[in-house]
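Reviewing the structure listed below.
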Amino acid sequence: MKAKLIDGKAIAATMRRSLRTGAAAFAKRAGRPPALAVMLAGEDPASQIYVRNKIAACAETGIKSLEYFLPKNVSERELADLIDALNEDGTVDGILVQLPLPKGLDSHRVLGRIKPEKDVDGFSAVNAGNLFLGNETLTACTASGCIELIRSTGVSIEGKHAVVVGRSNIVGKPVAMLLLGNNATVTVCHSKTRGLAKFTRQADILVCAVGKREFVTGDMIKPGAVVIDVGMNRVDGKLYGDVEFSSACEAAGFITPVPGGVGPMTITMLLYNCLQAARRNNI
Ligand code: GUN
């Protein structure tokens, strides 16, 4: 079998066009554009690129970005004061603190300070808890991007066996909850799972978010499965997924490439969450 490619770039582009229209309509109604505050503490090069891409995507979509580049020795008090001020600012709809935070800062406490209605990453305990409870909430962007990509194949999620490889708070856990919310039977595996292949071979839908280059190979994939590869493993300047693409293509029915699969969806879902937050905060 030769897998069909799931073109994340094209799906993201279509979504972004409609988000641009939505942002313009919001701006007309509210008399101001939707607004996202983005905070980066320290100088982690990968984080700087992510933040720059997020700011550029906001500009393209008609979402105003407020940018806060803070030194790596910023105190938790200073971060908390800034978050408090943005929480109270009625013209700011979303607040994002880029992770990882510099050593010594407690990310759980910092993220928990963001008002849940403005937590566009969906990382706070309140929003993660709402996802767990099945309540409508702002949902972690990469996880909801995975669901959009699965939907794009036309394969229904309900009743399927979905296997998630990875259990991070950013992707693995939220994507497992979303799949469960869509009535899949969900198995969560991770780097310490024994006999991983025995689980992955049962997957009608396989989401790999373990952060290990080419961890899952074609012989571990059920013929015809939908394979979503969240991996972004950079080795000698080249990007590799968590799935060995060449062998996986022979088994899977649908597969996301790396790059060009999940990556473009993450920021798109962030823009989506910003617009949702703006609409809900300005009824
Ligand atoms: N670090 C890695 N991924 C993310 C993300 O989606 N959001 C934030 N805020 N930080 C990250």
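Whatever order the structure lists them in is the order used to number ligands and atoms, beginning at 1.
When Asp121, Val171, Ile170 are checked for heavy-atom proximity to atom 9 (N) of ligand 1, Asp121 turns out nearest.
Side-chain N or O atoms of Asp242 include one that pairs as donor or acceptor with a backbone N or O of Gly211 at under 3.5 Å.
Nearest to atom 4 (C) of ligand 1 among the protein's heavy atoms is Gln98 NE2, 4.1 Å.
Interface of Lys54 with ligand 1, defined as ligand atoms under 4.0 Å from a residue heavy atom, comprises 5 (C), 7 (N), 8 (C).
Side-chain contact check for Ile83 versus Val97: some heavy-atom pair is nearer than 4.5 Å.
Applying the 6.0 Å contact sphere to OH of Tyr272 captures no more than 12 heavy atoms from other residues, nucleotides or ligands.
Considering backbone and side-chain N/O of Leu99, one or more are found under 3.5 Å from N/O of ligand 1.
A cation-pi contact links Lys238 to Tyr240, judged by a cut-off of 6.0 Å to the six-membered ring centre and 45° from its axis.
Ion pair Arg77/Asp81 flagged as a salt bridge, since at least one NZ, NE, NH1 or NH2 atom sits closer than 4.0 Å to an Asp/Glu carboxylate oxygen.
Of the heavy atoms in Val97, only backbone atoms (N, CA, C, O) come closer than 4.0 Å to ligand 1.
Within the 4.0 Å heavy-atom cutoff, Tyr50 does not count among the residues contacting ligand 1.
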